[in-house]
Amino acid sequence: MKNKVHSSTIIYEIQRRSKDNPIFSKELERLFGVSDVKIRDSVHKARAKDNLPIGAENKGYFLARNKSEIVRTVASLRSRAMRCLEAADGIEKYYEDKDQQRLL
């Protein structure tokens, strides 16, 4: 059974990290005994609700110290959002082009 760890504990550890010294999600999972889903949910909440500039690159999570450090993360988030919208549009188009009763 996974430990009950508050999101703020996870975010505190990320805030201690810089772009030059990020922390991998796997390391956070190991430190706190939580799933990758808990890590992603905590990061999402910190970004969306608390407006924290948490960066994520292939080397891990970090707190951006300035705007230039977060540019790639913002671009990646926007790109993924656009791809999700394209996928949703494609699914809807299927039903515009086909008989509404047809199963996937």
Would you say I54 and I11 make side-chain contact, with heavy atoms under 4.5 Å? yes
Any carboxylate oxygen within less than 4.0 angstrom of a Lys/Arg side-chain nitrogen, looking at E13 and R16? yes
Would you say the side chain of R47 lies within less than 4.5 Å of the side chain of L52, judging by non-hydrogen atoms? no
Give, for atom CD of E96 and atom CG of D89, the distance between the pair rounded to the nearest 0.5 Å. 9.0 Å
Taking the side chain as every heavy atom from C-beta outward, state whether L63 and P53 have any pair of such atoms under 4.5 Å apart. yes
Could you walk me through whether V74 and V71 pass the side-chain contact (heavy atoms from CB on, under 4.5 Å) check? CA-CA 5 Å; V74 171; V71 169; 6.0 Å; no
With a sphere of 6.0 Å drawn around CZ of R65, does it hold more than 12 non-hydrogen atoms of other residues, nucleotides or ligands? yes
Check the pair E29 / S25 against side-chain contact (heavy atoms from CB on, under 4.5 Å), numbers first and verdict last. CA-CA 6 Å; E29 292 170 41; S25 181; 3.2 Å; yes
D36 and R40 ion-paired at < 4.0 Å: yes
CZ (F62) and CD1 (I23) are apart, to the nearest 0.5 Å, by 13.5 Å
N51 and A48: which non-hydrogen atoms are nearest, and at how many Å? OD1-O, 3.8 Å
Where do S68 and N66 land on the side-chain hydrogen bond (donor to acceptor under 3.5 Å, both in side chains) test, with the steps shown first? CA-CA 6 Å; S68 67; N66 56 56; 2.6 Å; yes
Less than 4.0 Å between a side-chain N and a carboxylate O, is that true for R17 and E27? yes
Can you tell which of V43, V34, I39, T9 makes a side-chain contact (heavy atoms from CB on, under 4.5 Å) with L28? I39
To the nearest 0.5 Å, tell me how far D50 CG sits from H44 NE2. 10.5 Å
Nearest heavy-atom neighbours spanning K38 and S7: NZ-OG, 3.5 Å
Between K19 and E57, does any NZ, NE, NH1 or NH2 come within less than 4.0 Å of an OD or OE carboxylate oxygen? yes
How close do I10 and S42 get, counting heavy atoms only, and between which atoms? CD1-OG, 3.6 Å
